[in-house]
Amino acid sequence: MGWLSGPTVAMILLAIGTTALIVRKDLVIKLLALGLVNSSGILFLISIRFQPAMEAPILPAKVGSPIADPLPHALVLSAIVINFAILALSLVFVMLLVERYHSTDCGRIEHAVETEEATLGSQNLAAEPSGTDARKVPR
Amino acid sequence: MKRRVRTALAVALSLAASGIVIFNLSAPDVAAPPHDADLLVSETGAPNLVSAIYLDARLYDTLYEILVFTVAVIGVRFYLLRRESSARATPIPESHVLQASAQILYPLTLLLGLYLTVFGHLSPGGGFGGGVVAASGLLLCVMSIGVQTIYRRLSGAGIERLEWALPMVIVAICVAPLLFGRPMLSNLLPVGRAGHVFGSSSILLLNILVGLKVLIGSWMVLYAFICHRGEI
C-alpha cells in the first residue's frame, strides 16, 4: 500500500470533484463538488511534506524523530474557515437564483435567462430604440 | 453527445493531473526537517510552529484571509437579510430530545473553543479552529434555548459593532509598528519564555481576536440562514 499516499488520494478526490463539477448540472451538487476539490487541495498541501514516522510540528518534539514541515500547514489552516464563508456566500447566490427561476438546474436557468433577455430586447427595440436599460429586469 | 465529450474531457484532464503528481511527487524528499525551527520558536515564543508562522512570520497572509472572511460575511448578510421574504419565516421549535442533549453539549463545546483559541500557540488549535468550534457551541445553544432569545442577548451585548470593529483592530495591530519606527507587521509585544501561556503575547492576542472574529462572523452567517429558513 505504499502508493496510497496523501497526494495520490488528494488527486483522486480532485478527479472525482472536477468530473462532478463539469458533468453534473445541479448547482447544489456543483457546490458539493467544489467542496471536494477544496478538501483535496487541503489534503494535498498538508500531506506533501509529511511521512508517517514524523511528529507534529510542535516543539519540543521527541528526540531524533523528524517533524513535519509546518509551512504548508500554516498555508491551508485558514482555508477551512474561508471555505465555510465562500460556501455560505455561493449558497446565498443559489438561493437567489432558485427564488427567481424555481430551479437549481444550470441549463434551465441559462435557458430562462436567454428567453428573458430575448423578450426584453425585442420589447425595448419596439418601445425605445436607445435601449439603455435592456439588461434591467423587473422583479 | 456534448455531455459525453465534456465527461471525457473532465476525466482525461483529472487523470492527467493525477498521473503527473503520482509519478513526480509520490516520494518527496521529506527527510530534511526545517532547519530554522528553533530560531522561529526563540523569536516568537510559540512552540507551535504553525501558529508561529501564520500569526508572526506570515501575518500578511492571515490579515488578508481575515479580510476575505469579513467580505464573505458582509455579502451573505447583505443578500440574505435585505430581502423581503427573509423576515417571514416563523421559528419552528426543536424536538425535546434535541433540546435536552444540546443543553448538555453547548457549555462543553464553547469551553473547548475557548481552550483551542487561548492555547493555540502551545498545542494544536488556534483562532480559526477555535472560533469555528465555539460557533458550533453557539449553534447548539440556539438549539436548546431558541434563536430569538440568543439573538436579543447577543445584540444587547453589541455584537454587531464588535463585528465591524474587530477587522479594524486587527488591521491596526498590523499597522501599529509603523508608528514606532518598526517595519509593518512586526511584533511589538515582549517575547517571554517559550512554552508559557503568556510567552508570546502578540500571538495570544491575535489568536483571541481572530477567534472572536470567526465566532461572530459564523454566528452572523448562521443567523441569516436560520432567519431565512425558520429552523436550523
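Every chain is numbered from 1, with letters handed out A, B, ... down the list of sequences.
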Novice: Checking B/N48 against chain A: side chain, backbone, both or neither under 4.5 Å from a heavy atom?
Specialist: both
Novice: Can you name the nearest heavy-atom pair linking B/V50 to A/P57, along with the distance?
Specialist: CG2-CG, 3.9 Å
Novice: Between A/P72, A/A10, A/A15, who has the most heavy-atom pairs with chain B when the cutoff is under 4.5 Å?
Specialist: A/A15
Novice: At a 4.5 Å cut-off on heavy atoms, which part of B/L55 comes close to chain A: side chain, backbone, both, or neither?
Specialist: neither
Novice: Below 4.5 Å from any heavy atom of chain B, which atoms of A/L71 appear? Answer side chain, backbone, both or neither.
Specialist: both
Novice: Among A/I82, A/L21, A/T18, A/I86, single out the residue with the greatest number of heavy-atom pairs under 4.5 Å to chain B.
Specialist: A/I82
Novice: Check this for me: B/Y79, atom OH, are more than 12 non-hydrogen atoms of other residues, nucleotides or ligands nearer than 6.0 Å?
Specialist: no
Novice: Anything in residues 206-216 of chain B with a heavy-atom distance to chain A below 4.5 Å? Please list those residues in order.
Specialist: B/V214
Novice: Rounded to the nearest 0.5 Å, how far apart are CG of A/L77 and CZ of B/F128?
Specialist: 7.0 Å
Novice: Closest heavy-atom contact between A/A88 and B/F225?
Specialist: O-CZ, 3.7 Å
Novice: Between atom CG of B/L122 and atom CD1 of A/I58, what is the distance when rounded to the nearest 0.5 Å?
Specialist: 9.0 Å
Novice: Say you draw a straight line from CG of B/L222 to CZ of A/F84; how long is it, rounded to the nearest 0.5 Å?
Specialist: 5.0 Å
Novice: Within a strict 4.5 Å, meaning less than it, do heavy atoms of the A/V92 and B/H228 side chains meet?
Specialist: no
Novice: Considering only heavy atoms, which portion of B/V76 lies under 4.5 Å from any heavy atom of chain A: side chain, backbone, both, or neither?
Specialist: both
Novice: How close do B/A72 and A/L89 get, heavy atom to heavy atom, and via which atoms?
Specialist: O-CD1, 3.8 Å
Novice: State, to 0.1 Å, how close A/L75 and B/E65 come at their nearest heavy-atom pair, and which atoms those are.
Specialist: O-OE2, 4.2 Å
Novice: Rounded to the nearest 0.5 Å, what's the gap from CG on B/L80 to CE on A/M95? Could you check?
Specialist: 4.5 Å
Novice: Any side-chain heavy atom of B/V132 sitting closer than 4.5 Å to one from A/I80?
Specialist: no
Novice: Highest number of heavy-atom pairs under 4.5 Å with chain A: which of B/A224, B/S123, B/S218, B/G126?
Specialist: B/S218
